[in-house]
Protein chains: 2
Amino acid sequence: MLTISQLAAHAGVTVRAVRHYHKIGLLPEPERDHSGYRAYDAGAVVRLIRIHTLADAGVPLARVQELLDAAPDDFTDGVEEIDKQLRTEIRRLQDTRKRLARLAAGEHLALPQSVVDYLDRLREIGMREQYIELERDAWIMIAAQVPHLIDDVIVQKHQALEHPDMVKLYGIVNEALDWSEDSPRIVEIVDLLESLMVAAVHAGATGGYGLDDDLVRLMDSAMLEAAPGAERILALLEERGWKGWTRIEHVPLDRL
Amino acid sequence: MLTISQLAAHAGVTVRAVRHYHKIGLLPEPERDHSGYRAYDAGAVVRLIRIHTLADAGVPLARVQELLDAAPDDFTDGVEEIDKQLRTEIRRLQDTRKRLARLAAGEHLALPQSVVDYLDRLREIGMREQYIELERDAWIMIAAQVPHLIDDVIVQKHQALEHPDMVKLYGIVNEALDWSEDSPRIVEIVDLLESLMVAAVHAGATGGYGLDDDLVRLMDSAMLEAAPGAERILALLEERGWKGWTRIEHVPLDRL
DNA sequence: CTGCAGGGTTGACCCAGCGTCAAGGTCAAG
DNA sequence: CTTGACCTTGACGCTGGGTCAACCCTGCAG
């Protein structure tokens, strides 16, 4: 008669594993001796080795039972299915590796290359990291929800930067990050914005880049959270008949 | 302000996942509104998207935190290490597939081909399945513990079968499976065994095939469990100065 | 006002395959 | 008698949440 550790040693498994196999019903519980120790016979060694062999070969414990009693044909079928699952899992991990590689390569944390390039351009025209981060966060949200639109939007942004007033606006915003909420210079921003909007409307722009209402609201609120003077800018714009930020719309003054 | 399900939708994860991230400290718990609902701001959306992006790329949640705050260099290092772990895991699964394939191919449940061949030879000389199973179980134990010895032992077994008395012995054992414990014919087995042993000792055999004491005891007890008349055979052998079964030793009668 | 649907909340169990305490009983040896 | 090794049961931990359960909150229709 063998103790549990002798049994485990003979089969090359741990004591803990043997008890686990008892619990899940793979290996029948043997009689206990007078002190409550499990007492195994040689047959248990053989059963345990067979279990271990299958488990070690990648058969899930839940399927070991059926394979142990299976006829050769069923055995082959079962093994084939398990192999299929292994292949699936391997492919999944390989996909994961690819995504990870892309992450490391340059799509810096959820952003496609076009956005990274655009942020670099903002750096080139002198925007501070503090602003870049705000902008980056906005792009992260867009990339997550409408990745198919993002390259179009980026193109429009690049085009907008061709306009000198837009570059000027960015310059002021760059400074405005330090302004207090009631700075008188906020009006400068509003003036510039309005002139850009008027020009855009003249040119037939629809604005909003095709983003849906939900996302637009989200981005607007992100802006409000991030910038101290944002609320005042929106209020001033509204007085002049413009509404929104991510997607600015012209509202007739008589409707206010 | 967003509810948890709005937040989850914006980031493309489930509500349950968001709560999980709270629990493990990946995403800070936001303020609650007057009714106890979590109220999220747009910043939370960004954090959540970044978490999701990393997790989705195969970064373990436990390491997401450090990567989110990591400097680019540390980030690259971390990603590389995770990739290494992924490669290791893939290799492990591929090894598993190989073992599984060998299992299906023919190494029938823990037995090398040489043993399968030997069992086939036993079938050819007329041994019944009932005996083959006993023998197979013994080989499973040997294969599990001293796989490097098994081919040597098999060679010796094949050689032993060249001796006509051995074949005769197997024939009797084949019938003996049905004998009751007190059958008078058990003596025939003992006679044959003794003559074979004497011949073997003359030929200079050492016996036991190099198996260690532990394994020998185990196999002896397996035999005792499996065969009804086994104990009597061992007793009769012992009267004549032989001890053991798996490894039979000559003991001078005066030492009994 | 009330009922109902469709949100939200926390809590707890579930998957695999054991590893790893914890707290205590048993055994053989010095 | 003590020590140390081994046994017992029970329960938590890990991964990444899925899936109830039971109950609260909100808004809308009748």
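Just so it is clear, the values below take in all heavy atoms, side chains as well, and ignore hydrogens, waters and symmetry mates. Below, chains carry the letters A, B, ... as their sequence lines are ordered, and counting in each starts from 1.
Legend: side-chain hydrogen bond (donor to acceptor under 3.5 Å, both in side chains) pairs involving residues 55-65 of chain A, not counting sequence neighbours, sorted by first then second residue: A:Arg63-A:Glu66, A:Arg63-A:Glu81.
Taking for each of A:Ser35 and A:Tyr21 the nucleotide of DNA chain C with the nearest heavy atom, the 5'-most of the two is the partner of A:Tyr21. Nearest-nucleotide positions on DNA chain D for B:Arg16 and A:Glu29 put A:Glu29 closer to the 5' end.
For the pair A:Ile24 CD1 and C:dG17 P, the computed distance is 7 Å after rounding to whole Å. The NE2-P distance, from B:His20 to C:dT10, rounds to 15 Å in whole Å. The nearest whole Å value for the distance from the NE2 atom in A:His22 to the C1' atom in C:dG17 is 16 Å. Distance A:Arg32 CZ to C:dG25 P: 17 Å, rounded to the nearest Å. To the nearest angstrom, P of C:dC15 lies 12 Å from NZ of A:Lys23. Between the CZ atom of B:Arg92 and the P atom of C:dA16 there is a distance of 15 Å, rounded to whole Å. When the P atom of C:dG17 is taken as reference, atom CG of B:Leu93 falls 13 Å away, rounded to whole Å. Atom-to-atom, CD of A:Gln65 to C1' of C:dA16 comes out at 17 Å; the value is rounded to the nearest Å.
Between B:Val64 and B:Tyr21, the closest side-chain pair of non-hydrogen atoms is not below 4.5 Å. A 4.5 Å side-chain heavy-atom check between A:Arg247 and A:Asp220 finds every atom pair outside the cut-off.
Looking at A:Arg32, A:Glu31, A:Met1 one by one, the single match for side-chain contact (heavy atoms from CB on, under 4.5 Å) with A:Arg38 turns out to be A:Arg32.
Between A:Glu181 and A:Arg232, none of the side-chain N atoms (NZ, or NE/NH1/NH2) sits under 4.0 Å from a carboxylate O, so this pair counts as no salt bridge. Ionic pairing of B:Arg87 and B:Asp83 is present here: one or more N-O contacts between side-chain nitrogen and carboxylate oxygen are shorter than 4.0 angstrom.
Note on ring orientation: taking the six-membered ring where Trp is involved, the planes of B:Tyr118 and B:Trp139 are perpendicular (angle over 60°, cut-offs 30° and 60°).
Here the range on DNA chain D touched by chain A, meaning any atom under 4.0 Å from one of its heavy atoms, is D:dC6 to D:dA11.
The base of C:dG25 sits with one of its N or O atoms less than 3.5 Å from a complementary donor or acceptor on the side chain of A:Tyr37.
In this model, the phosphate group of C:dT10 is approached by a side-chain N or O of B:Arg38 to a distance below 4.0 Å at OP1 or OP2.
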